[in-house]
Amino acid sequence: MKSRFPDRVRDIVRKIKKGKTMTYGQVALAAGHPGAARAVGLVMKNNYDPTVPCHRVVRADGKIGDYNRGGEARKRKLLEEEGAL
DNA sequence: TAGTTGACCGGAA
DNA sequence: ATTCCGGCCAACT
């Protein structure tokens with residue numbers, strides 16, 4: 001099984017339940033690459049797949065983090081709607 | 001191959 | 001609490 005980093009990250013993020021949030025570091029760890037939080041962010045940025053709720057991935061500081069569409073405002077709103085906030 | 005960049009993280013000032 | 005700095009990893013040029 002030779003899943004590449006971006007593919008695994010997307011799969012993990014897709015598994016995040018509604019109302020749940022994971023930090024980039026947690027996702028990187030789950031992907032088998034501890035410390036690759038930045039790489040996860042790059043993947044999210046390049047990944048526009050709607051099946052991947054990238055808005056459920058937040059920063060470790062508890063901040064919202066960035067987003068490809070609408071920025072933090074959009075991301076925060078989505079989390080509120082799902083009940084993660 | 002090497003250098004730069006980026007939706008980050010953690011610790012220090 | 002906020003701001004600054006270095007470190008980590010993968011992708012792009």
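When rounded to the nearest whole Å, the span between CG of A:N68 and P of B:dG6 equals 16 Å. For the pair A:D61 CG and C:dC4 C1', the computed distance is 14 Å after rounding to whole Å. Following rounding to the nearest Å, A:Y24 (OH) and C:dG7 (C1') show an atom-to-atom distance of 19 Å. Look at CD1 on A:I64: it is 12 Å from P on B:dC8, rounded to the nearest Å. Taking atom CG of residue A:L42 and atom P of nucleotide B:dG6, one finds them 9 Å apart after rounding to whole Å. Distance CZ (A:F5) to C1' (B:dG6): 13 Å, rounded to an integer number of Å. At whole-Å resolution of the value, CD in A:E72 and C1' in B:dC8 are 13 Å apart. Atoms CG (A:N46) and C1' (B:dT5) sit 12 Å apart, rounded to a whole Å.
Of the candidates C:dC8, C:dA11, B:dC9, the closest approach to any side-chain atom of A:R38 belongs to C:dC8. Listed candidates were B:dG6, B:dC9, C:dA10. Nearest to the side chain of A:K45 is B:dG6. When distances are taken from the side chain of A:C54 to each of C:dA11, B:dC8, B:dA7, the shortest belongs to B:dA7. Side-chain atoms of A:T23 lie closest to B:dC9 of the nucleotides B:dA7, C:dA11, B:dC9.
In this structure, the side chains of A:V9 and A:M44 come closer than 4.5 Å at one or more pairs of heavy atoms.
Distance check, rounded to the nearest 0.5 Å: CZ of A:R10 to SG of A:C54 gives 10.5 Å. Rounding to the nearest 0.5 Å places CZ of A:R59 at 14.0 Å from OG1 of A:T21.
If A:K63 and A:G35 are placed on DNA chain C by their nearest nucleotide, the residue sitting closer to the 5' end is A:K63.
Side-chain to base pairing of A:R59 with B:dG10: no donor and acceptor N or O lie closer than 3.5 Å to each other.
At a threshold of 4.0 angstrom between heavy atoms, the contacts of A:A39 include nucleobase atoms, whether or not backbone atoms are also involved.
Under a hydrophobic clustering in which Ile, Leu, Val, Met, Phe, Trp and Tyr are joined whenever their side-chain heavy atoms come within less than 4.5 Å, directly or via other members, A:I64 and A:I16 fall into different clusters.
Classification of A:E82 and A:K20 as a salt-bridged pair fails, no side-chain N sitting under 4.0 Å from a carboxylate O.
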